[in-house]
Amino acid sequence: MEKRVLVVDDEPSIVKLVQFNLEKEGYKVGVASDGETALRMVKEMQPDLLVLDLMLPKVDGLEVCKQVRRENHHLPILMLTAKTEEFDKVLGLELGADDYMTKPFSPRELVARVKAIFRRVDVSREQAAPEKQAAMEIGNLVIDKEGYEVLRDGQSVDLTPKEFELLIYLAEHRGRVLSRDQLLNAVWDYDYIGDTRIVDVHVSHLREKVEEDSRNPAYIKTVRGIGYKFEGPKKG
């Protein structure tokens, strides 16, 4: 089935470049030049991926990201930013973007990122499809990989696609210490040399949603200087 990508950017040259390279790879591409149009097209087009610039007229990219994530928890969002400050990248991730790229970028790198996102989505579906897999029950969490659902104390937890994939990977490697580089390679499906902040932001988000006390986590433990380890809560 043809994958649909919505590209949102107010720079015509970038839109043209991205559209050309994605269509060359066989994707169906829609474009928008402002946030207001983007929000409308997300509903009309029902894209499989949103490539979203931060700096947009009418409604900025951060607000678009926030609104899209409020209504659609499963749509992957690849954020574009011309700014180099870490604050902008982190803020975008905190509002629900799954990944980011800083301008200028090469078309080859963007296509690689898009393919990596779709590959992860397809792998998740294939692993769940052959036969019903039992949900993992750990402490007060129920993680249903096939149903794409997480329950905490019986209540559904809304996770973004990357948060869900990250939780699954951590839980499936329960008790093992995983470095940030390992998590980047496994969950984002590429090497992100020199910048593992993306992992820390997603872990922080995940803790806020699945932990009783995100500052004193029972499940996702920090292993100082290395990365993270998923454990079950201690009894008594």
Side-chain angles (χ1 to χ4, degrees), residues 69 73 76-79 81 83-102 105 109 112-113 115-124 127-128 133 135-145 148-152 157-236:
R69 193 51 80 219
H73 301 293
I77 299 175
L78 172 59
M79 185 179 69
T81 173
K83 297 186 177 182
T84 55
E85 292 89 347
E86 186 177 1
F87 169 79
D88 297 297
K89 301 172 186 176
V90 172
L91 184 56
L93 294 172
E94 288 178 345
L95 290 175
D98 299 287
D99 196 1
Y100 68 82
M101 291 185 66
T102 302
F105 53 81
E109 183 185 4
R113 295 285 185 89
K115 286 183 175 180
I117 289 170
F118 282 135
R119 191 158 55 240
R120 294 299 306 169
V121 171
D122 291 341
V123 166
S124 295
Q127 288 176 343
Q133 300 179 10
M136 288 182 279
E137 295 187 28
I138 307 170
N140 66 342
L141 295 180
V142 176
I143 306 171
D144 183 355
K145 186 174 180 178
Y148 210 88
E149 185 177 31
V150 175
L151 303 176
R152 193 184 85 176
V157 179
D158 291 328
L159 301 179
T160 68
K162 270 293 170 282
E163 289 166 359
F164 186 79
E165 290 176 30
L166 180 59
L167 179 61
I168 289 291
Y169 191 81
L170 287 166
E172 287 181 341
H173 295 80
R174 184 177 174 186
R176 284 181 53 187
V177 177
L178 301 168
S179 71
R180 291 171 175 81
D181 287 331
Q182 282 178 289
L183 291 170
L184 273 174
N185 190 259
V187 179
W188 279 263
D189 201 18
Y190 56 80
D191 294 317
Y192 209 150
I193 299 171
D195 191 352
T196 54
R197 178 65 172 157
I198 191 171
V199 174
D200 297 330
V201 171
H202 279 80
V203 167
S204 177
H205 257 187
L206 202 47
R207 281 173 170 163
E208 289 174 4
K209 295 179 178 181
V210 303
E211 301 279 5
E212 296 288 348
D213 180 0
S214 61
R215 294 185 178 183
N216 185 30
Y219 298 103
I220 307 172
K221 306 283 191 179
T222 298
V223 181
R224 192 176 297 278
I226 302 176
Y228 300 97
K229 179 169 68 168
F230 190 92
E231 295 180 345
K234 294 181 180 178
K235 299 178 181 179

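Numbers here are sequence positions counted from 1.
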Does [Y] offer a backbone N or O that forms a donor-acceptor pair with the side chain of [X] under 3.5 Å?
X      : Y      : result
Asp98  : Leu78  : no
Arg152 : Glu211 : yes
Trp188 : Lys162 : no
Arg69  : Thr160 : no
Arg180 : Ile198 : no

Got [X] and [Y] here, is their nearest side-chain heavy-atom distance under 4.5 Å?
X      : Y      : answer
Lys145 : Glu172 : yes
Glu163 : Val150 : no
Tyr228 : Asp200 : yes

*Determine, stepwise, if the pair Val177 / Lys221 fulfils side chain to side chain contact (heavy atoms under 4.5 Å, CB included).*
CA-CA 9 Å; Val177 177; Lys221 306 283 191 179; over 6 Å; no

Atom [atom1] in [X], atom [atom2] in [Y]: separation rounded to 0.5 Å?
X      : Y      : atom1 : atom2 : result
Leu167 : His205 : CG    : NE2   : 14.5 Å
Asp213 : Glu208 : CG    : CD    : 11.0 Å
Glu212 : Asn140 : CD    : CG    : 5.0 Å
Asn185 : Leu178 : CG    : CG    : 12.0 Å
Leu166 : Ile220 : CG    : CD1   : 6.5 Å
Arg197 : Tyr100 : CZ    : OH    : 9.5 Å

Closest approach of [X] and [Y], non-hydrogen atoms and distance?
X      : Y      : result
Gly232 : Ile138 : CA-CG2, 3.9 Å
Arg207 : Pro217 : NE-CG, 3.8 Å
Pro76  : Pro161 : N-CG, 4.1 Å
Arg176 : Lys229 : O-CG, 3.4 Å
Glu137 : Val142 : CG-CG2, 4.0 Å
Glu165 : Val187 : OE1-O, 3.4 Å

*Trace of the side chain to side chain contact (heavy atoms under 4.5 Å, CB included) decision for Val199 with Asp181*: CA-CA 9 Å; Val199 174; Asp181 287 331; over 6 Å; no

*asked:* Among residues at least two apart in sequence or on other chains, which ones pass ring pair (Phe, Tyr, Trp, His ring centres under 6.0 Å) with Tyr219?
replied: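 Checked Tyr219 against ring pair (Phe, Tyr, Trp, His ring centres under 6.0 Å); matches are Phe230.
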
*Contacts of Phe105 that satisfy ring pair (Phe, Tyr, Trp, His ring centres under 6.0 Å) - sequence neighbours left out*: none

*Lys209 NZ: over 12 foreign heavy atoms closer than 6.0 Å*: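 Yes, the 6.0 Å shell around NZ holds more than 12 heavy atoms from other groups.
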
